[in-house]
A.B. asks: 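Quick one: the structure is below, questions incoming.
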Amino acid sequence: MASMMVNRACPQCGGLAIDEDYYKIGERYIYCYCCGYTYIREQYFDEVENKIKLRVEESNGYGMFRIAMKDGSKDLFSIDTPITEELINEYKEKLKNNNEVDLNKSYLVSYFDGKFTVLFGEVPEIYLISYEEYKRKGYLDVMRI
């Protein structure tokens, strides 16, 4: 399989996104590390028509939740529904009573009406800059978010 993976501006927020294009088979995946926007175009087998088809799914991002562990590992979760108080409390509960979680490096950020809001935690500097500024500053390591 031939593919190209590049950094790009998110079509929704303008932040840092990954674009993976399997150009020979028509599959494509876009994932924004800032707002959580996702775009998926992938093949699937339609058993009724007995042929391969393309499925397209697009999900607006409403923010990101990151759990950082004391061992240095991190999990980043996109949020695909508007953030409510109930959801904020649910994420806070995931951080409580877990001695392995690094609270200083975990965060919850919402994205709504074109604006980011840090709901808890501290986000890295490059999280809140546009892709264009990211390029101007010469950042190369996309996984630092």
Side-chain angles (χ1 to χ4, degrees), residues 1-69 71-95 98 100-103 105-145:
M1 244 190 270
S3 73
M4 292 184 347
M5 182 182 283
V6 296
N7 295 340
R8 66 167 287 174
C10 171
Q12 178 173 279
C13 75
L16 176 62
I18 293 293
D19 185 342
E20 186 169 11
D21 187 0
Y22 291 85
Y23 55 89
K24 286 192 174 186
I25 60 172
E27 292 189 344
R28 187 173 194 183
Y29 305 89
I30 300 171
Y31 180 76
C32 179
Y33 286 103
C34 299
C35 71
Y37 169 87
T38 57
Y39 173 86
I40 299 169
R41 183 180 66 214
E42 63 186 354
Q43 293 185 5
Y44 73 98
F45 185 73
D46 184 325
E47 292 182 21
V48 174
E49 295 184 29
N50 197 31
K51 67 180 183 178
I52 295 174
K53 292 185 171 184
L54 282 177
R55 167 185 18 243
V56 175
E57 295 176 17
E58 189 172 25
S59 176
N60 291 331
Y62 289 91
M64 299 297 285
F65 174 58
R66 180 170 91 167
I67 297 178
M69 307 307 277
D71 68 4
S73 63
K74 305 178 239 344
D75 285 318
L76 192 61
F77 302 94
S78 60
I79 301 167
D80 60 1
T81 61
I83 297 177
T84 62
E85 280 298 319
E86 182 180 327
L87 195 59
I88 293 169
N89 291 333
E90 187 179 310
Y91 285 123
K92 284 182 178 179
E93 277 300 312
K94 290 182 183 213
L95 301 176
N98 188 338
E100 302 301 314
V101 171
D102 186 342
L103 293 174
K105 294 182 180 174
S106 298
Y107 56 78
L108 176 62
V109 176
S110 74
Y111 180 76
F112 191 74
D113 281 342
K115 196 169 112 178
F116 288 101
T117 304
V118 179
L119 300 171
F120 63 77
E122 278 190 45
V123 297
E125 173 203 355
I126 64 171
Y127 185 95
L128 299 174
I129 64 175
S130 70
Y131 174 70
E132 295 305 318
E133 189 174 348
Y134 175 88
K135 282 192 334 187
R136 270 195 307 279
K137 289 188 175 198
Y139 291 126
L140 298 173
D141 183 6
V142 71
M143 300 312 285
R144 291 191 301 178
I145 288 183

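All residue numbers refer to positions in the sequence shown, counting from 1. Note that these values count all heavy atoms, side chains included, but never hydrogens, waters or copies made by symmetry.
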A.B. asks: Roughly how far apart are E86 CD and E90 CD, rounded to 0.5 Å?
C.D. replies: 7.0 Å
A.B. asks: Holding to side chain to side chain donor-acceptor pair (under 3.5 Å), I want the full list of residues that pass it with E20, two or more places apart in sequence or in another chain.
C.D. replies: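 Expected list: Y22.
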A.B. asks: Sequence neighbours excluded, which residues qualify as side-chain contact (heavy atoms from CB on, under 4.5 Å) partners of E132?
C.D. replies: S130, K135, R136
A.B. asks: So does N7 get a backbone contact from the side chain of Y131, meaning a donor-acceptor N/O pair under 3.5 Å?
C.D. replies: yes
A.B. asks: Evaluate side-chain contact (heavy atoms from CB on, under 4.5 Å) for Y33 paired with L76, printing each intermediate quantity in order.
C.D. replies: CA-CA 8 Å; Y33 286 103; L76 192 61; 3.5 Å; yes
A.B. asks: Please list, chain by chain and in numerical order, all residues satisfying side chain to side chain donor-acceptor pair (under 3.5 Å) with D19, sequence neighbours excluded.
C.D. replies: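 D19: side chain to side chain donor-acceptor pair (under 3.5 Å) contacts with R8, R28.
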A.B. asks: Which atoms form the tightest heavy-atom contact between Y111 and G61, and what is the distance?
C.D. replies: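 Shortest heavy-atom separation between Y111 and G61 comes out as CD2-O, 3.7 Å.
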A.B. asks: Which atom pair, heavy atoms only, marks the closest approach of M5 to I18?
C.D. replies: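 That would be CG-CG2, 3.8 Å.
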A.B. asks: Who pairs with E85 by salt bridge (charged side-chain N to carboxylate O under 4.0 Å, His left out), at least two apart in sequence or on another chain?
C.D. replies: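 Per chain and number, E85 pairs via salt bridge (charged side-chain N to carboxylate O under 4.0 Å, His left out) with no residue.
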A.B. asks: For side-chain contact (heavy atoms from CB on, under 4.5 Å), just list the numbers for C32 and C13, CA-CA rounded to whole Å, side-chain angles, deciding distance to a tenth of an Å, and then say yes or no.
C.D. replies: CA-CA 9 Å; C32 179; C13 75; 3.7 Å; yes
A.B. asks: The criterion is ring-ring contact (aromatic ring centres under 6.0 Å, His included); which residues satisfy it with Y62, sequence neighbours excluded?
C.D. replies: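 Testing Y62 for ring-ring contact (aromatic ring centres under 6.0 Å, His included), a comparison that skips the adjacent residues, returns none.
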A.B. asks: At their closest point, which heavy atom of D80 faces which heavy atom of S59, and how far apart are they?
C.D. replies: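 Of all heavy-atom pairs spanning D80 and S59, the closest is CB-OG, 3.3 Å.
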A.B. asks: Which atom pairs, one a donor and one an acceptor, fall under 3.5 Å between side chains of residues 35-50 and the rest of the protein, sequence neighbours left out?
C.D. replies:
unit_1, atom_1, unit_2, atom_2, d
Y37, OH, E58, OE2, 2.5
R41, NE, G26, O, 2.5
R41, NH2, G26, O, 3.2
E42, OE1, Y29, OH, 3.2
Q43, NE2, I25, O, 2.9
D46, OD1, V48, N, 2.9
D46, OD1, E49, N, 3.0
D46, OD2, K53, NZ, 3.1
E49, OE1, K53, NZ, 3.3
E49, OE2, K53, NZ, 2.8

A.B. asks: To the nearest 0.5 angstrom, please state how far the OG atom of S110 sits from the CZ atom of F116.
C.D. replies: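 Nearest 0.5 Å value for the OG-CZ distance: 9.0 Å.
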A.B. asks: Identify, with sequence neighbours excluded, every residue that meets side-chain contact (heavy atoms from CB on, under 4.5 Å) alongside V101.
C.D. replies: I67, M69, L95, N98, L103, S106
A.B. asks: First locate atom CD of Q12, then atom CD1 of I30, and finally report the distance between them rounded to the nearest 0.5 Å.
C.D. replies: 11.5 Å
A.B. asks: Run the side-chain contact (heavy atoms from CB on, under 4.5 Å) check on Y91 and L119 step by step: do they pass?
C.D. replies: CA-CA 11 Å; Y91 285 123; L119 300 171; over 6 Å; no
A.B. asks: Nearest 0.5 Å please: distance from the CZ atom of R66 over to the CE atom of M64.
C.D. replies: 10.0 Å
A.B. asks: Nearest heavy-atom pair of T81 and I79: which atoms, and what distance?
C.D. replies: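 Shortest heavy-atom separation between T81 and I79 comes out as O-CG2, 3.3 Å.
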A.B. asks: Residues two or more places apart in sequence or in another chain: which of them pass side chain to side chain donor-acceptor pair (under 3.5 Å) with S73?
C.D. replies: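 Partners of S73 under the side chain to side chain donor-acceptor pair (under 3.5 Å) test: D71.
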A.B. asks: Which atom pair, heavy atoms only, marks the closest approach of F120 to F65?
C.D. replies: CZ-CE1, 3.8 Å
